[in-house]
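Reading through the C-alpha cells given below for one structure.
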Amino acid sequence: MSLFARTGRLSLSRQQLLRAAAPAPVTGGSGDQRLEIIRRVLFEQPTRETPNLEGEALQQHETIERAWKLHQNQERERRNRELEKKFRKMSAAMNELEKTSDRLFKAAIVKSRHITFPREMKIPTETPSPQGWNHDYTPPVEVVPAKNS
Amino acid sequence: MLSRNAIHRVSSAARSTLKLNRTLATEATPSFAAPKTNVNPAYDEALKLIAQDKEYRYSMLKKVEKELAKVKKANNSPTQKQQLTRLQQLAIDLQVKAELNDPEVQWRFRNGMRDMNRPVHRYMVEREFQKDRKSKLLERVLQMRVCPDILEQFDPTAQVIVEYDGNSVQEAGIFLQPGETVKPPTVSFVNFHEETKLYTVMMIDPDVPDQERQTYQQQCLWLNTNVPLSTTQPVVSGGDTILPYVPPHPQKGTKYHRYTILILEQPSGKIEVPSVEDKRFDTRSFIQQYQLSPRGVSFFREVWNEDVSRIYADILKEREPVFGKPPKASKYLEDVGRKSKKYLLL
C-alpha cells in the first residue's frame, strides 16, 4: 500500500501505474512481487499507442501535415522578408544621417553603458491584446438555478 | 554461414517486393481517388492552402519564363550564361515546389507510378536515394571493401539496378547462384539529367587468384564504353562493347567473389578504347587514363558450385582450375609411408 502512495506522489502516468499494479509474471524462484513492481515503475516506459491510420484517413492526415509545414514555411518567409525590409530601411536612414550630420550620427551609434535593457519589460507578442491587461478582472459568478419546491 | 543465410533471406524478401512493384506497374493502373471534401474541415483548409501555393508558384514561373526569353534575346551580355543557368534552376525549383504538396503526386510516387519526365518525380527519386538508399549502399560497399579494393571511395549520385532473369540485386552484396547469372543482366542507372550523357559500364571481379604473384587480381568481365544514358533512357544499351559479357565463375577453392558493376561518366565526351586484357585489369589506371568519374556502383557475391564447372566447360572452354592450400609434410610419416627414423647415424 505504501508503495502505491509513493508512486502517486511521483506523479507517474496513470498507464504506468496500472501496468505496475498488474500481476507480475512468475519469474525464477524468489517470489517477491514488490521487486518486479519496482523494476517496472523505475525502468519500463509505457508504450504509446500510435493511431493506426489507413487509406483515406492516412491520405487526409498526410495532406494536412504537408499543408501545415507549408504554412509554417510561408510564415517564416514572410517574417524574414519583413525583417529584411526593416533592416534595409534602418541602414538607409543611418546612411542619410551620416551624410547630414556627423554629430547626430555618432550619437546614434554610441551605446550608453549605464542604461541596460529593462528586465521587467513585457515580452513583445505578435498579437497584443487591444485592451491591454484587465487588472480588475473578477471571475463570473456561477448562477445556481433556484430549486422549485 | 548464419550471416549468409540471413542475406539469402533478405534477398528473397527484396525480390518479392520487386515483384510487387512490377505487378503494380504492369497491371491496370489504379487511379487516384481523392478523399471526400466537406467531411474534415482541416483537410479542406489544407487543400485550399496547397492550391493557393500552387497558383502563386505557377504565376512566378510565368514571370521567370518571360525573363528567360528576355535573357535569351540579349546576345551581347557577358553574364548571359550564368543568368540562364540560374533562371533555369529557379524555374525547375518552382515547378517542383508547386507540385510537391499535391496529394495525387505523392500518391503516384508511393505507388510506383514514377514519371521521370516530370521534374517533381525526378526530385523525389533523387531525394529518396540521397536520404535513404545511399547510406545503405555505402555501408555495404565499405564493409565488403569494394571501395578500397577496386577504386577509391566516391559519392554515388544515383541508384544502379542490376536485374538478371527473375533475380535482381535490390541490395548491394546479396548472394546469387552462378547458374542464375549466365546471361547478361539488364543494368539501369536511375539518373536525373534530361540531356544524354555518355557513360562507361563495367563489371569487375577483384577476387580472382593470381597464382604466379601469389596474390589476387582483378578481372574485367564486361566493358561497354560510350553508353548514352538520360533520365528517360536509364537502361544500359548500345555503346561500344570492348569486352563482351563473361558469366561470373568463382573458382573452386576460393572464398566469395564480389562482382561489381561500375557506372563511370565520360565528362570529355566520346572515348576510343583499343582492346584491353581482361585478366590483371587495373580499374584505377583505366579510370585515370580515360579521365572517367565514377557515378554509381552495385555488386553481388557468388561462391563456387557445380554450375561453375559447366560454365568452364561450355562457355569459357577452359580447364577448370581448382585452388587449395599446399599439402603439409607429415611430421611422423615419410612420403613412402614408413615411420621416419628417430636417430640418424652421422
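Letters go in sequence order (proteins before strands), and every chain restarts at 1.
Atom OG1 of A:Thr63 is separated from atom CG of B:Asp102 by 9.0 Å, given to the nearest 0.5 angstrom. In this structure, CG on B:Asn40 lies 11.5 Å from NE2 on A:His61, to the nearest 0.5 angstrom. For the atom pair B:Leu49 CG and A:Ile64 CD1, the distance stands at 12.0 Å (nearest 0.5 Å).
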inquiry  = Could you go through B:Arg110 and A:Glu62, starting from their C-alpha distance and side-chain angles, then the distance that decides it, and tell me whether this counts as side-chain contact (heavy atoms from CB on, under 4.5 Å)?
reply    = CA-CA 12 Å; B:Arg110 221 174 305 119; A:Glu62 280 179 359; 2.7 Å; yes
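Heavy-atom distances place the side chain of B:Phe32, and not its backbone, under 4.5 Å from chain A. For chain B, no part of A:Glu65 is nearby; none of its heavy atoms comes within less than 4.5 Å. Contact of A:His71 with chain B is made through backbone and side chain together, with heavy-atom distances under 4.5 Å. Within the 4.5 angstrom heavy-atom criterion, only side-chain atoms of B:Gln106, from C-beta onward, approach chain A.
The local environment of CD in A:Gln72 is crowded, with over 12 non-hydrogen atoms from other residues, nucleotides or ligands closer than 6.0 Å. Counting heavy atoms of neighbouring residues, nucleotides and ligands inside a 6.0 Å radius, atom CZ of A:Arg78 exceeds 12 of them. Atom OH of B:Tyr58 sits in a crowded spot, with more than 12 heavy atoms from other residues, nucleotides or ligands closer than 6.0 Å. B:Arg86 CZ: 12 or fewer foreign heavy atoms inside a 6.0 Å radius. Heavy atoms of other residues, nucleotides or ligands lying less than 6.0 angstrom from CD of A:Glu142 number 12 at most. By the 6.0 Å contact criterion, CD on B:Gln88 is enclosed, its count of non-hydrogen atoms from other residues, nucleotides or ligands being greater than 12. Shown here is B:Glu139, whose CD atom has more than 12 heavy atoms of other residues, nucleotides or ligands within 6.0 Å.
Between B:Asn101 and A:Leu70, the shortest heavy-atom distance links the atoms ND2-CD1, 3.6 Å. Annotation for A:Arg66 and B:Leu100: closest pair NH1-O, 3.8 Å, computed over non-hydrogen atoms. Nearest heavy-atom pair, A:Gln59 versus B:Pro35, reported as atom, atom and distance to 0.1 Å: OE1-CD, 3.2 Å.
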